[in-house]
Amino acid sequence: MPTVYRVQDKDGRGPWKPGFSQRWAEEREDWDNLPPWYVEFGRVDQRGILGMAMGSACLTLEQLRRWFTPSEYATLQRYGYRAVMMDVGRVLAESPVQCFIERAKPLSQDVIEIQLYPA
């Protein structure tokens with residue numbers, strides 16, 4: 001089973017909810033290098049199995065750190081987000097900056113909280 005990394009809340013939802021990124025995302029020159037999964041991969045979610053949990057993730061911690069600076073991550077932590085690792089059933093698409101995954105369990109279950117940046 002592949003292992004992936006995400007930043008998510010207790011419900012397994014990532015921080016890219018409509019309008020929420022205005023609360024934590026900082027102005028950065030590299031945003032153009034970090035396209036949303038649906039821009040980079042198209043409708044890859046349609047390749048998933050109906051009923052499976054799906055979402056974007058990263059294959060390495062280095063990739064995840066590209067998406068969230070230390071100060072952005074600190075802000076997200078104040079909102080209840082945390083970095084986690086999880087095993088997934090399949091990686092449906094991958095690139096140098098992210099992947100799109102599916103798993104039988106909800107994204108909130110059987111995850112291990114990890115330290116994204118040194119304390």
Side-chain angles (χ1 to χ4, degrees):
M1 283 189 163
T3 299
V4 298
Y5 306 90
R6 287 174 46 88
V7 170
Q8 62 184 34
D9 63 16
K10 65 180 175 53
D11 298 319
R13 182 82 193 264
W16 296 102
K17 301 176 217 178
F20 183 63
S21 61
Q22 296 170 354
R23 297 182 185 189
W24 64 267
E26 300 166 355
E27 287 294 321
R28 293 170 38 192
E29 293 182 14
D30 64 339
W31 279 127
D32 290 341
N33 298 323
L34 300 169
W37 67 266
Y38 51 85
V39 171
E40 186 166 22
F41 304 131
R43 292 305 312 263
V44 68
D45 57 317
Q46 293 179 342
R47 286 192 241 151
I49 298 170
L50 188 62
M52 297 288 262
M54 290 182 250
S56 58
C58 292
L59 294 171
T60 67
L61 284 175
E62 291 75 28
Q63 286 180 348
L64 192 59
R65 288 183 190 117
R66 287 188 66 189
W67 285 91
F68 307 100
T69 66
S71 58
E72 288 172 331
Y73 183 61
T75 300
L76 284 168
Q77 286 180 300
R78 288 191 292 275
Y79 282 107
Y81 287 80
R82 61 193 176 133
V84 299
M85 62 185 259
M86 67 179 74
D87 291 332
V88 299
R90 286 195 304 165
V91 174
L92 299 174
E94 65 182 82
S95 76
V97 296
Q98 67 185 322
C99 62
F100 193 82
I101 54 95
E102 74 173 8
R103 72 192 301 239
K105 296 177 184 177
L107 298 177
S108 61
Q109 291 182 3
D110 290 334
V111 301
I112 298 170
E113 188 170 351
I114 58 170
Q115 188 172 349
L116 185 57
Y117 291 102

- Task: Over 60° means perpendicular and under 30° means parallel, so classify the ring planes of Y79 and F20, tilted if in between.
- Result: perpendicular
For [X] and [Y], work out which heavy atoms get closest and say how close.
X: S108; Y: G12; result: CB-N, 3.7 Å
X: P15; Y: V7; result: CD-O, 3.4 Å
X: W37; Y: G42; result: CZ3-O, 3.6 Å
X: R66; Y: V97; result: NH1-CG1, 3.0 Å
X: P18; Y: R13; result: CD-NH2, 4.0 Å
X: W67; Y: C58; result: CD1-SG, 3.7 Å

Does [X] reach the main-chain N or O of [Y] with its side chain, forming a donor-acceptor pair under 3.5 Å?
X: E102; Y: V91; value: no
X: Y73; Y: A83; value: yes
X: Y5; Y: L116; value: no
X: R103; Y: D87; value: yes

Contact between [X] and [Y] at the side-chain level, heavy atoms closer than 4.5 Å - yes or no?
X: T75; Y: E72; result: no
X: R6; Y: L64; result: no
X: V111; Y: Q8; result: yes
X: V88; Y: T3; result: no
X: L92; Y: M54; result: yes

I'd like to know if [Y] and [X] are part of one continuous hydrophobic network [Ile/Leu/Val/Met/Phe/Trp/Tyr, side-chain heavy atoms within less than 4.5 Å].
X: L34; Y: V4; value: no
X: V44; Y: I49; value: no
X: L59; Y: I114; value: no
X: L61; Y: F100; value: no
X: Y81; Y: I112; value: yes

For E40 and S95, test the side chains for any donor-to-acceptor distance below 3.5 angstrom and give the result as yes or no.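 A pair is found: one side chain offers a donor N or O, the other an acceptor, under 3.5 Å apart.
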Give a yes-or-no answer on whether the side chains of S71 and E26 include a donor-acceptor pair shorter than 3.5 Å. yes
Nearest 0.5 Å, what's the CE-CD distance between M85 and E113?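 One finds 12.5 Å between CE of M85 and CD of E113.
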Here the gap from I101 atom CD1 to M52 atom CE, rounded to the nearest 0.5 Å, amounts to 9.5 Å
**OP:** Give a yes or no on whether the ring-centroid distance for W24 and F68 is below 6.0 angstrom.
**Re:** yes
task: Flag the pair D45 and R47 as a salt bridge only when some basic side-chain nitrogen lies within less than 4.0 angstrom of an acidic carboxylate oxygen.
output: no
Only counting residues at least two apart or in another chain, list the ones meeting side chain to side chain contact (heavy atoms under 4.5 Å, CB included) with Q22.
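Listed in chain order: nothing, the list is empty.
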- [ ] With sequence neighbours excluded, tell me which residues meet side chain to side chain contact (heavy atoms under 4.5 Å, CB included) with D11.
- [x]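 Side chain to side chain contact (heavy atoms under 4.5 Å, CB included) list for D11, sorted by chain: D9.
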Enclosure of R28 CZ (heavy-atom neighbours >12, cutoff 6.0 Å):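 More than 12 within 6.0 Å, yes.
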### Message
Heavy-atom count check: over 12 atoms from other residues, nucleotides or ligands less than 6.0 Å from K10 NZ?
### Response
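Counting neighbours around NZ of K10, 12 or fewer heavy atoms of other residues, nucleotides or ligands fall under 6.0 Å, so no.
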Residues at least two apart in sequence or cross-chain that pass side-chain hydrogen bond (donor to acceptor under 3.5 Å, both in side chains) with Q63, listed by chain then number, are none
